[in-house]
Amino acid sequence: MFRVTDKALNLQELVDYVTDPQAGAIVTFIGTTRNQNEGRQVLSLDYEAYPEMAEKELKRLGQEAGKRWNIQRMAIVHRVGRVEITEPSVIIAVSAAHRDDAFQACRFAIEEIKKTVPIWKKEVFEGGEVWIGTQSGQRFHQR
Amino acid sequence: MFRVTDKALNLQELVDYVTDPQAGAIVTFIGTTRNQNEGRQVLSLDYEAYPEMAEKELKRLGQEAGKRWNIQRMAIVHRVGRVEITEPSVIIAVSAAHRDDAFQACRFAIEEIKKTVPIWKKEVFEGGEVWIGTQSGQRFHQR
Amino acid sequence: MKVKVKLFAILRERAGAGEITKEIGEGSTVIELWEALTRDYPKLASAKIHLLYAVNQSYVTPDHVLRDRDEVVFVPPVSGG
Amino acid sequence: MKVKVKLFAILRERAGAGEITKEIGEGSTVIELWEALTRDYPKLASAKIHLLYAVNQSYVTPDHVLRDRDEVVFVPPVSGG
């Protein structure tokens with residue numbers, strides 16, 4: 001399951017999807033909007049995607065993870081539109097026979113998303129807004 | 001939230017508990033019963049705990065994680081009694097401002113649980129049952 | 001020939017358009033298309049941001065030669081997650 | 001003096017009891033209590049498994065001196081998770 005959606009994300013849906021009788025471990029990563037970034041009071045985040053390519057890239061990185069680690073299933077859903085403080089913008093779920101594979105594949109997925117998947121985040125803060133990654137000085141956002 | 005229970009585990013409850021406006025990342029680990037172990041067809045796992053001390057040890061390791069990493073909140077719930085194939089026996093949820101802390105603290109928690117928390121797993125398989133860790137040759141179970 | 005350009009995020013805002021159909025010469029490359037676009041929409045080039053290039057939903061190099069009806073996206077630094 | 005011994009998992013099954021109240025001499029250590037228990041319940045010692053020792057819900061060393069009404073647990077290899 002590799003999907004971009006404008007609906008609120010449902011963690012249990014992803015976990016159910018990756019649940020597998022051969023899996024002893026499921027690791028999930030949930031990216032949530034936090035209320036501050038680089039000293040700014042963040043009000044919300046606005047995500048925009050190139051959806052067809054984003055889903056294709058998510059699937060590609062899932063396949064890449066499947067080559068590198070012994071995993072059972074992976075699911076990634078990324079939200080677009082406004083994401084309020086504490087709400088999830090992305091959820092990754094990975095199942096594997098053994099926990100080390102699940103942890104590594106999940107970590108790999110979020111790192112890759114931040115490098116190659118065409119999704120962009122605009123931070124709305126007190127007094128302004130900015131597309132993260134495009135400020136002068138190439139300020140990258142680390143979550 | 002550090003708890004031992006004989007009830008089915010609820011992932012969303014733990015995630016809600018660790019959700020925090022200052023967190024940009026939540027990592028969860030779910031240990032599930034898998035259908036095979038060391039070539040044996042597993043039917044179910046039966047967990048037993050020394051509950052008062054297990055909860056105390058879970059809290060202790062949560063505090064230790066809080067000293068080592070910059071995390072917001074942690075929750076761990078471990079189930080006792082019979083846990084069927086695909087059902088979760090343990091769920092760990094960790095929130096942090098940044099994802100690296102959340103991943104590391106979550107990984108630390110599951111490794112510590114397997115070392116120090118007084119909970120025991122009996123594997124029920126086709127043709128027998130065994131307390132994991134107590135077989136001749138000290139066979140430890142790696143999930 | 002014609003190509004379809006999709007603009008997202010900061011580029012969409014700068015151009016004031018999300019989709020542009022552009023007439024280009026046979027054998028044009030992705031980077032030549034970008035140069036032509038910045039003549040039509042000077043604000044696109046207003047601040048230096050590092051772009052990647054995608055044609056028909058796959059990343060390509062700047063010297064990739066375009067074909068009729070290609071879908072081209074100039075990808076500003078991604079920041080999903 | 002009396003101490004309360006709780007047995008779990010393989011030790012509970014071997015002893016056929018989950019809780020034992022045991023009379024011991026003043027100044028007895030945890031390991032001495034274990035030795036006394038294995039005389040009462042020989043099956044407890046039937047296979048060598050590595051034990052840890054807990055008194056009142058905290059791990060202690062084998063030479064820890066017991067006090068009246070202590071709760072003692074002999075901890076077989078844990079396997080939670």
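The analysis underlying the following values was restricted to heavy atoms, covering all of them including side chains, and did not include hydrogens, waters or symmetry mates. Every chain is numbered from 1, with letters handed out A, B, ... down the list of sequences.
- In terms of non-hydrogen atom pairs under 4.5 Å with chain D, the most contact-rich of B/Met53, B/Glu57, B/Lys115 is B/Met53.
- By the 4.5 Å heavy-atom criterion applied to side chains, D/Lys6 and B/Glu52 are counted as neighbours.
- Side chain of D/Ser79 to main chain of B/Gly133: no donor-acceptor pair is present (N/O by atom type, distance under 3.5 Å, no hydrogens or angles).
- Looking at B/Ala49, only its backbone comes within 4.5 Å of chain D, counting heavy atoms on both sides.
- The main-chain N or O of D/Gly81 is found under 3.5 Å from a side-chain atom of B/Tyr47 such that the two form a donor-acceptor pair.
- Within 6.0 Å of CD on D/Glu23 lie more than 12 heavy atoms contributed by other residues, nucleotides or ligands.
- Only the side chain of B/Glu48 has a heavy atom closer than 4.5 Å to any heavy atom of chain D.
- The environment of NZ in D/Lys22 is crowded: more than 12 heavy-atom neighbours from other residues, nucleotides or ligands sit within 6.0 Å.
- Between D/Pro76 and B/Trp120 the shortest side-chain heavy-atom distance falls below 4.5 Å.
- Between atom CD of residue B/Glu129 and atom CD of residue D/Glu13 there is a gap of 6.5 Å, rounded to the nearest 0.5 Å.
- Residues B/Tyr50 and D/Glu71 meet the side-chain proximity criterion, which asks for heavy atoms closer than 4.5 Å.
- Between B/Ile113 and D/Val78, the closest heavy-atom pair is O-CG2, 4.2 Å.
- Here the CG-NZ distance, from D/Asn56 to B/Lys56, works out to 7.5 Å after rounding to the nearest 0.5 Å.
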